[in-house]
Number of protein chains: 2
Amino acid sequence: MARLKEFDEDRALDAAVDCFWARGYEATSVRDLTDAMGIGGASLYNAYGDKRALFARSLERYANRSMRERIARLEAAHRPKEAIAAFLAEIIERSLKDRDRKGCLLVNSALDVAPHDAAIGKVVAGYLDEIRAFFRRNLDAAHVANADEVSAHLLGVLLGIRVLARTGARRKLLEGVARPALALLETHQ
Amino acid sequence: MARLKEFDEDRALDAAVDCFWARGYEATSVRDLTDAMGIGGASLYNAYGDKRALFARSLERYANRSMRERIARLEAAHRPKEAIAAFLAEIIERSLKDRDRKGCLLVNSALDVAPHDAAIGKVVAGYLDEIRAFFRRNLDAAHVANADEVSAHLLGVLLGIRVLARTGARRKLLEGVARPALALLETHQ
DNA sequence: CGGATTCTGGAACGAACGCTACAAAATTCG
DNA sequence: CGAATTTTGTAGCGTTCGTTCCAGAATCCG
């Protein structure tokens, strides 16, 4: 063996997530990252490869800690229809509380880097499809009609809320976006 | 008077729009712009100010030529409900034909630059609200119930479609997002 | 302890960034 | 034709970019 790392890789990765989340991929410099992560440039390249690889790791960590955690938590605590409603409500609350309008790293990446990087684009599309699958699963369980289309619709509504939130939309607008979608949950087979 | 410009300002502006549209604000360099516009750097700074001012002009031109043109054209050619349906259908068709996934400059800017630039953020929010007003106007004319919320909902759905299109979504998904929203047009007062 | 291996800070790389300075070229007016 | 004014190409400004190199520090195995 040899010398041990002096920093916690996961903790540093969390700092990298915050950087990419707040500023986007292009606008985040390697120096921004090393400063926030509290490590030197050599350590960053030694531990993660390069900026792009670090971004891919950050994306994965964000998906695990934000999206998948939320899905698991809501699905465990609520019945199907309530889980969907709670998901949208939680996103709206977080968006309104989000003073610096970071939005969602997945959505930001979908517009920022996905179109210019096929590999990362596929990863992002896969994460978004996990959200759609969550909707689909719970729509089926609640015997909602047209679950296939409605799950796509709910994903679209979610993404729309995220975009509007980044332009500083108010609560009334965001809830207006969501409410007609929630009404669909009452259309049973 | 003095020496005349050797280039067409509007034509050059169209080239700038294409650059920002395809690559985003940060990822577009001044050299990318001068190359695409066919002018030297001095001419660019002389005619438009700086990169940010050129972006603001590009945004305005895009809004006039893409969004407002579409709204005026569809509103002139269709009855209210058909105008809304045609708007969504046209966005889906364009998104599917858009091989390099440029999406919509307004939506891209809403995530890319709006959160980091308050002035441009307000401009983008204003353009998005013009789209919502188009929905609202036509919902009212068609006596659709809950026009206020439904107009917000349609805007959200539109933005969601734009985001999904940038990750390479297929026709079935995009139409699935739109269809439940279109069904709302049949809920009369 | 000594050799092997890995991690770290600091300096520096070439390239690209947004932008400006400057002088030559082009135009209008007297 | 000049004087005045604006546009143009070129060159270069200082800064920052992502990345690499390297010597030294730290750790494990024998």
Side-chain angles (χ1 to χ4, degrees), chain A residues 1-59 108-109 112-120, chain B residues 1-59 108-109 112-120:
Chain A
M1 298 293 253
R3 181 173 174 178
L4 299 175
K5 279 197 178 62
E6 291 182 2
F7 64 98
D8 182 321
E9 266 194 71
D10 283 341
R11 192 169 292 272
L13 192 52
D14 283 331
V17 168
D18 284 338
C19 276
F20 287 126
W21 195 357
R23 286 184 273 256
Y25 179 77
E26 293 282 355
T28 299
S29 73
V30 173
R31 276 177 178 80
D32 290 335
L33 291 164
T34 54
D35 288 351
M37 298 166 82
I39 63 177
S43 297
L44 188 151
Y45 280 86
N46 176 59
Y48 304 96
D50 60 5
K51 183 186 171 186
R52 184 179 174 281
L54 175 57
F55 179 76
R57 291 277 304 271
S58 301
L59 209 54
N108 301 351
S109 303
D112 219 44
V113 1
H116 308 105
D117 188 316
I120 290 188
Chain B
M1 298 293 252
R3 181 173 174 178
L4 299 175
K5 279 197 178 62
E6 290 182 3
F7 66 97
D8 181 323
E9 266 194 71
D10 283 341
R11 193 169 291 273
L13 193 51
D14 283 331
V17 168
D18 284 339
C19 276
F20 286 126
W21 195 357
R23 287 183 271 256
Y25 179 76
E26 292 283 354
T28 299
S29 72
V30 173
R31 275 178 179 80
D32 289 335
L33 291 165
T34 53
D35 288 352
M37 298 165 82
I39 64 177
S43 298
L44 187 152
Y45 281 87
N46 175 60
Y48 304 96
D50 61 5
K51 183 187 172 186
R52 184 178 173 281
L54 175 57
F55 179 75
R57 291 275 306 270
S58 300
L59 210 53
N108 301 351
S109 303
D112 219 43
V113 2
H116 311 294
D117 188 317
I120 290 187

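Order of the sequence lines sets the chain letters (A, B, ...), proteins ahead of strands, with each chain counted from 1.
Rounded to an integer number of Å, the gap from OH of B:Y48 to P of C:dC19 is 16 Å. Rounded to whole angstrom, the span from the CG atom of B:D50 across to the C1' atom of D:dC13 amounts to 17 Å. Atom CE of B:M37 and atom P of C:dG18 are 13 Å apart (whole Å). In this structure, the CG atom of B:L33 is 10 Å from the P atom of C:dC17, given to the nearest Å. As a whole-Å value, the separation of A:Y45 OH from D:dG18 P is 7 Å. Rounding to whole angstrom units, OH of residue A:Y25 and C1' of D:dC17 are separated by 12 Å. One atom, NZ of B:K51, and another, P of D:dT16, lie 15 Å apart when rounded to the nearest Å. Here D:dC17 presents its P atom at 10 Å from CG of A:D35, a figure rounded to the nearest Å.
Residues passing the side chain to side chain contact (heavy atoms under 4.5 Å, CB included) test with A:A15, sequence neighbours excluded: A:A36, A:M37. For A:E26, there are no side-chain hydrogen bond (donor to acceptor under 3.5 Å, both in side chains) partners at least two apart in sequence or on another chain. Legend: residues meeting side chain to side chain contact (heavy atoms under 4.5 Å, CB included) with B:Y45, ordered by chain and number and at least two apart, are B:V30, B:D50. Listed by chain and residue number, A:S29 satisfy the side-chain hydrogen bond (donor to acceptor under 3.5 Å, both in side chains) test with A:D32 (two or more places apart in sequence, or in another chain). Partners of A:Y48 by ring pair (Phe, Tyr, Trp, His ring centres under 6.0 Å), not counting sequence neighbours: none found.
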Under 4.0 Å protein heavy-atom contacts per nucleotide of nucleotides 7-16 of chain C, with B for base, S for backbone only and - for none: BSBB-B----
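Within the 4.0 angstrom heavy-atom criterion, only backbone atoms of the sugar-phosphate kind lie near B:V30; the bases stay farther away. Heavy atoms of B:T28 sit under 4.0 angstrom from primed sugar atoms or phosphate atoms, though from no base atom.
In this structure, CG in B:L33 is found 11.0 Å from CG in B:D18, a value given to the nearest 0.5 Å.
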